[in-house]
Amino acid sequence: MVKTGQVQLGDHTWSHLLLTRLSDSAIEEEPQRNHDFIASTYGVDARPCYRPPYGYHDARVAAARVGYTTPVLWYGSLADSGPLSSNRIVSLGRRWFLPAHLVIGHANHPGTIGALPRLHRILEQRHLGTFTLHVVFTSARR
Ligand SMILES: [Zn+2]
């Protein structure tokens, strides 16, 4: 899916810690360790996009010299980082799937997987789509 451009990998750090509370060296170690994992496991370079855990970032995080220069924040969430019913996730999709909204979701619980067909219908009904960050933040085409 990565090779065909359907999915883009980004860095979300190794331990999901609050980067703004870490030492300068730990700020660099967290995304670097995840970067190395992504590169060795999937064979891709995920730079420059990263999502700082919980959205917290500052000048020290931005200055980290690991090549992740594009923090990705969001406006809308499916709130599915833990177990949530498919109906609740679909309800949040109805709330947040709007033009120019970057909505975060997870795919590691059954509720999300069960919600996917209905989430897809919401996107279709609203004439919206899904895009990789590369497409959103560059002039690249889908
Ligand atoms: Zn997270």
Side-chain angles (χ1 to χ4, degrees), residues 1-124 126 128-142:
M1 293 179 82
V2 171
K3 282 182 182 173
T4 61
Q6 294 174 284
V7 169
Q8 177 186 349
L9 298 178
D11 202 315
H12 193 40
T13 72
W14 184 255
S15 307
H16 207 267
L17 301 172
L18 287 175
L19 293 174
T20 53
R21 294 191 181 166
L22 300 179
S23 68
D24 289 350
S25 64
I27 287 174
E28 294 191 4
E29 289 165 14
E30 276 292 313
Q32 184 65 55
R33 185 172 178 194
N34 203 44
H35 171 85
D36 294 344
F37 171 80
I38 291 170
S40 65
T41 305
Y42 301 104
V44 297
D45 185 341
R47 291 173 291 189
C49 293
Y50 75 100
R51 187 160 73 82
Y54 316 102
Y56 292 107
H57 65 111
D58 60 16
R60 287 187 322 121
V61 173
R65 298 186 177 279
V66 291
Y68 287 91
T69 55
T70 306
V72 177
L73 302 179
W74 58 95
Y75 193 74
S77 173
L78 299 179
D80 58 346
S81 59
L84 206 62
S85 74
S86 294
N87 286 341
R88 179 70 183 133
I89 293 167
V90 170
S91 173
L92 289 164
R94 282 194 198 97
R95 176 179 178 185
W96 292 114
F97 288 177
L98 298 167
H101 279 56
L102 202 158
V103 180
I104 60 170
H106 303 73
N108 45 352
H109 292 287
T112 304
I113 304 306
L116 288 176
R118 288 182 283 164
L119 293 173
H120 185 248
R121 276 197 297 280
I122 294 169
L123 292 173
E124 283 185 334
R126 296 180 180 183
L128 299 171
T130 59
F131 301 90
T132 63
L133 297 171
H134 187 67
V135 169
V136 172
F137 292 112
T138 70
S139 60
R141 294 282 171 243
R142 255 171 103 162

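Order of appearance sets the numbers: ligands from 1, and atoms from 1 within every ligand. Sequence positions, counted from 1, serve as the residue numbers for this chain. Note that these values count all heavy atoms, side chains included, but never hydrogens, waters or copies made by symmetry.
- Counting only protein atoms, the N, O or S atoms lying less than 2.8 Å from the Zn ion (ligand 1) are H12 NE2, H16 NE2, ordered by chain and residue number.
- Judged purely by atom type and a 3.5 angstrom limit, R88 has no side-chain atom pairing as donor or acceptor with the backbone of A79.
- The ring-ring contact (aromatic ring centres under 6.0 Å, His included) pairs that include a residue from residues 90-115 are Y75-W96, Y75-H101, where partners are two or more places apart or lie in different chains.
- With rounding to the nearest 0.5 angstrom, the CD atom of E29 is 11.0 Å from the CG atom of D24.
- The backbone N or O of L133 sits less than 3.5 Å from a side-chain atom of Q8, completing a donor-acceptor pair.
- For the residue pair D36 and Q32, a side-chain donor N or O sits within less than 3.5 Å of a side-chain acceptor on the partner.
- Here the rule is side-chain contact (heavy atoms from CB on, under 4.5 Å) with H35, and of V66, D45, L9 only D45 fits it.
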